[in-house]
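Below, all heavy atoms of this structure are taken into account, side chains as well, without hydrogens, waters or symmetry copies.
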Amino acid sequence: MSADVRQVADGTYLVHGGHTNWVILTDGDAATLVDTGYPGDRRALLDSLAAVGSSPEAVAAVLVTHAHNDHLGSAEYLRAAHGTPVLLHEAEVPHARRDYLQQVSVGTVLRNAWRPGVLPWMVRVLRTGGTEQHPVTAPAPFPAAGALDLPGRPVPVHTPGHTDGHCVYHLPDAGVVISGDALVSGHALSRTEGPQLLPDLFHHDRAGAVASLDVVAALEGDVLLPGHGPVHRGPVKDAADLARERAF
């Protein structure tokens, strides 16, 4: 699978992989990588770095929105092969190590197989390594509060619910919010287009995920880069408010 790289702002790129997205923030050839797709997205991930003039060796850090398989896929590979730090919220560190797993089970997916689109989606997920486990051996919490000293100067913002340690990343100067799975703009199992929460079965704590939309709504920005779906342009507050309305 080739990389589908979209530049959305100066030094900011949204990449569409196998049913999930990742983001590259650049400063010269140095880069910050936010999420890494499924394990089966590795070739596309490496190609996307080359497409923006970077390389695995030039990635200053991998930032993880949350430690689900479709976002964590190549984090340990980059850490082991290139010494890349893998950073995430302190509450998500044990999840990335796989001390426990807050992810929808195969059994739950199978119990929902009667729903439209579930079986084809499940087949595609299996082909991209969706059930593989690639724990990060030495994940680390953010070193300090506020903007990180990395390309893009991303600011982590805790948005628990989808998982306990889920974070979005705010780029205040660019007006961009990298929302991971706290707020998406589409999904293969959703019949809705535009800002929304993921289907209920994917959330560890749905009530928490709904509550975290208030946190996202408070972030200034007009470009939303979700973990699933296309870029969404328009006030982030309006996007979060619409997702909240659709959640009930």
Can you tell if the side chain of Val136 reaches within under 4.5 Å of the side chain of Arg79, non-hydrogen atoms only?
-> yes

Give the minimum heavy-atom separation between Ser185 and Pro230, together with the two atoms involved.
-> OG-O, 2.6 Å

Nearest heavy-atom pair of Leu197 and Ala209: which atoms, and what distance?
-> CD2-O, 4.2 Å

Looking at OG1 of Thr159 and OH of Tyr169, how far apart are the two atoms once the value is rounded to the nearest 0.5 Å?
-> 9.0 Å

When rounded to the nearest 0.5 angstrom, what is the spacing between NE2 in His232 and CG in Leu225?
-> 11.5 Å

At what distance, to the nearest 0.5 angstrom, does OG1 of Thr65 lie from CG of Leu72?
-> 9.5 Å

State plainly whether one hydrophobic cluster holds both Leu45 and Leu88, where clusters connect Ile, Leu, Val, Met, Phe, Trp and Tyr through side-chain heavy atoms under 4.5 angstrom apart.
-> yes

If you take all heavy atoms of Asp241 and Ala217, which pair is closest and at what distance?
-> OD1-CB, 4.2 Å

I'd like a table of donor-acceptor pairs (distance under 3.5 Å, sequence neighbours excluded) in which one partner is a side-chain atom from residues 138-151, with atom names and distances.
none

For the student: nearest non-hydrogen atoms of Thr36 and Ala75, plus distance | OG1-N, 3.5 Å

Could you tell me whether the side chain of Ser54 reaches within less than 4.5 Å of the side chain of Ile24, counting heavy atoms only?
-> no

Positive for side-chain hydrogen bond (donor to acceptor under 3.5 Å, both in side chains) with Thr163, one of Glu92, Gln103, His204 | Glu92

Counting N and O atoms only, with roles assigned by atom type, does the side chain of His95 sit under 3.5 Å from a partner on the main chain of His66, one being a donor and the other an acceptor?
-> no

Can you name the nearest heavy-atom pair linking Cys167 to Pro156, along with the distance?
-> SG-CB, 4.4 Å

Is there a donor-acceptor pair closer than 3.5 Å between any side-chain N or O of Thr20 and the backbone N or O of Gly37?
-> no

Looking only at heavy atoms, which two atoms of Gly73 and Arg42 are closest? And how far apart?
-> O-NH2, 3.8 Å

Got more than 12 heavy atoms from elsewhere within 6.0 Å of CG, Asp99?
-> yes

Does any non-hydrogen side-chain atom of Ser212 lie less than 4.5 Å from one of His162?
-> no

Are Tyr77 and Leu63 connected in a single hydrophobic cluster, I mean Ile/Leu/Val/Met/Phe/Trp/Tyr linked by side-chain heavy atoms less than 4.5 Å apart?
-> no

Among the clusters formed by ILVMFWY side chains lying less than 4.5 Å apart, do Leu78 and Trp22 turn up in the same one?
-> yes

Start with the C-alpha gap between His82 and Val59, add the side-chain angles, then the distance that decides, and say whether side chain to side chain contact (heavy atoms under 4.5 Å, CB included) holds.
-> CA-CA 9 Å; His82 302 286; Val59 175; over 6 Å; no

Roughly how far apart are Asn69 CG and Arg98 CZ, rounded to 0.5 Å?
-> 5.0 Å

Is there a side-chain contact between Thr137 and Glu76, using heavy atoms and a 4.5 Å cut-off?
-> yes

So, His71 versus His228, ring centres under 6.0 angstrom or not?
-> yes

Close side-chain approach of Val8 to Arg233, heavy-atom, < 4.5 Å = yes

So CG of Asp181 and CG of Asn21: to nearest 0.5 Å the spacing works out to 9.5 Å

Backbone N or O of Ala61 within a donor-acceptor pair of the Thr84 side chain at under 3.5 Å?
-> no

What about His187 and Phe202, are their ring centers closer than 6.0 Å?
-> yes

Evaluate the side-chain proximity of Pro154 to Ile178: yes if any heavy-atom separation is below 4.5 Å, no if none is.
-> no

Honestly curious: do Leu183 and Leu189 fall in one hydrophobic cluster under the side-chain, below-4.5 Å linking rule?
-> no

Quick one: list whatever passes side-chain hydrogen bond (donor to acceptor under 3.5 Å, both in side chains) with His170, sequence neighbours left out.
-> none

Nearest-0.5 Å distance that lies between atom NE2 in His16 and atom CG in Asp41 = 12.5 Å

Just by modelled atom types, is the Leu198 backbone N or O under 3.5 Å from a matching donor or acceptor in the His203 side chain?
-> yes

Gln196 side chain vs Gly194 backbone, donor-acceptor pair below 3.5 Å | yes

Validation row: Val215, His158 side chains within 4.5 angstrom (heavy atoms) = no

Do the side chains of Glu220 and Val236 get nearer than 4.5 Å, heavy atoms only?
-> no

Check the hydrophobic clustering (I, L, V, M, F, W, Y; side-chain heavy atoms under 4.5 Å; chains of links allowed) and say if Leu87 and Val64 are grouped together.
-> no

